[in-house]
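Notes to accompany the following structure.
These values consider heavy atoms only, across backbone and side chains, with no hydrogens, waters or symmetry-generated copies.
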Amino acid sequence: MDSIREQKLEALKNAADYLERLIPAMESVIAEIRGDMKEDTVDFLLQIIDGFNFIVETYNVTGDLINSPEVLINDDELEKTVGKLSSGFSRKDYPAIAEELSEAVIPFLKVIKAAAARYE
């Protein structure tokens, strides 16, 4: 059991390190979408979404640690967020994607980062 917990703790530490770069990058792409989209903004956005997916996968493995002793992340809300992002991409509604990133994804990422800090 300790080995699994140690692996989860290592995954959380890696996620926290990654979030140090992902959150500012996400804020940057949101600003580009809301301001003046560049030729590579959509490609940058797709990379950011890959990073978000990595963190969601990490959460799926470490959720028991993150949500202990209290529930910090509502899985149903996270699922709705993923659905809204998917819908925004299918419609190429980049302002809606930026809104969801700003209002739901960044707060989710910050919760993961704070939860990981509890185990340092």
Worksheet entry | Within one Ile-Leu-Val-Met-Phe-Trp-Tyr cluster: Val61 and Leu12, side-chain cutoff 4.5 Å | no
Discussion item. For a 4.5 angstrom cut-off between non-hydrogen side-chain atoms, does Met37 reach Val42?
Written reply: yes
Discussion item. Looking at every heavy atom in both Ile33 and Ala98, which two are closest together, and how far apart are they?
Written reply: CG2-CB, 3.7 Å
Discussion item. Which heavy atom of Thr41 sits nearest to which heavy atom of Val29, and what is that distance?
Written reply: O-CG2, 4.0 Å
Worksheet item: Just how far is it from atom CD1 of Ile48 to atom CD of Glu32, taken to the nearest 0.5 Å?
Response: 9.5 Å
Response to the item:
d(Ile73 CD1, Ile112 CD1) to nearest 0.5 Å is 3.5 Å
Discussion item. So which atom in Pro69 and which in Arg118 form the shortest heavy-atom distance, rounded to 0.1 Å?
Written reply: CD-NH1, 4.5 Å
Practice prompt. Assess whether atom CD of Glu79 is packed by more than 12 heavy atoms of other residues, nucleotides or ligands within 6.0 Å.
Written response: no
Discussion item. Give me the atom names and distance for the closest heavy-atom approach of Pro24 to Leu19.
Written reply: CD-O, 3.9 Å
Worksheet item: Side chains of Tyr94 and Lys92: closer than 4.5 Å at any heavy-atom pair?
Response: yes
Discussion item. Test side-chain contact (heavy atoms from CB on, under 4.5 Å) on Thr58 and Tyr18; report intermediate values, then the result.
Written reply: CA-CA 11 Å; Thr58 301; Tyr18 185 65; over 6 Å; no
Discussion item. I'd like to check Thr62 versus Tyr119 (side-chain heavy atoms, cut-off strictly below 4.5 Å). Are they in contact?
Written reply: no
Discussion item. For a 4.5 angstrom cut-off between non-hydrogen side-chain atoms, does Leu85 reach Val105?
Written reply: yes
Item to complete: Locate the shortest heavy-atom distance separating Ala104 from Thr81; write the atom from each residue and the value.
Response: CB-OG1, 3.4 Å
Worksheet item: How far does CD of Glu27 sit from OG of Ser102, to the nearest 0.5 angstrom?
Response: 8.5 Å
Item to complete: Rounded to the nearest 0.5 Å, what's the gap from CG on Leu46 to CZ on Phe89? Could you check?
Response: 5.0 Å
Worksheet, complete the sentence: Taking every heavy atom of Ala25 against every heavy atom of Phe44, the minimum-distance pair comes out as O-CZ, 3.6 Å
Worksheet entry | Test item: Glu120 and Lys13 side chains (from C-beta on) under 4.5 Å apart, heavy atoms | no
Worksheet item: With side chains defined as the heavy atoms from C-beta onward, is the minimum distance between Arg5 and Leu65 less than 4.5 Å?
Response: yes
Worksheet entry | Cationic N near anionic O, under 4.0 Å, Lys84 to Glu99 | no
Response to the item:
Hits for side chain to side chain donor-acceptor pair (under 3.5 Å) against Arg91, two or more places apart or cross-chain, chain-then-number order -> Ser87, Asp93
Worksheet entry | Distance, nearest 0.5 Å, that separates CG of Asp17 from NZ of Lys113 | 10.0 Å
Discussion item. Can you tell me how far apart CG (Leu101) and CD1 (Ile30) are? Round to the nearest 0.5 Å.
Written reply: 5.0 Å
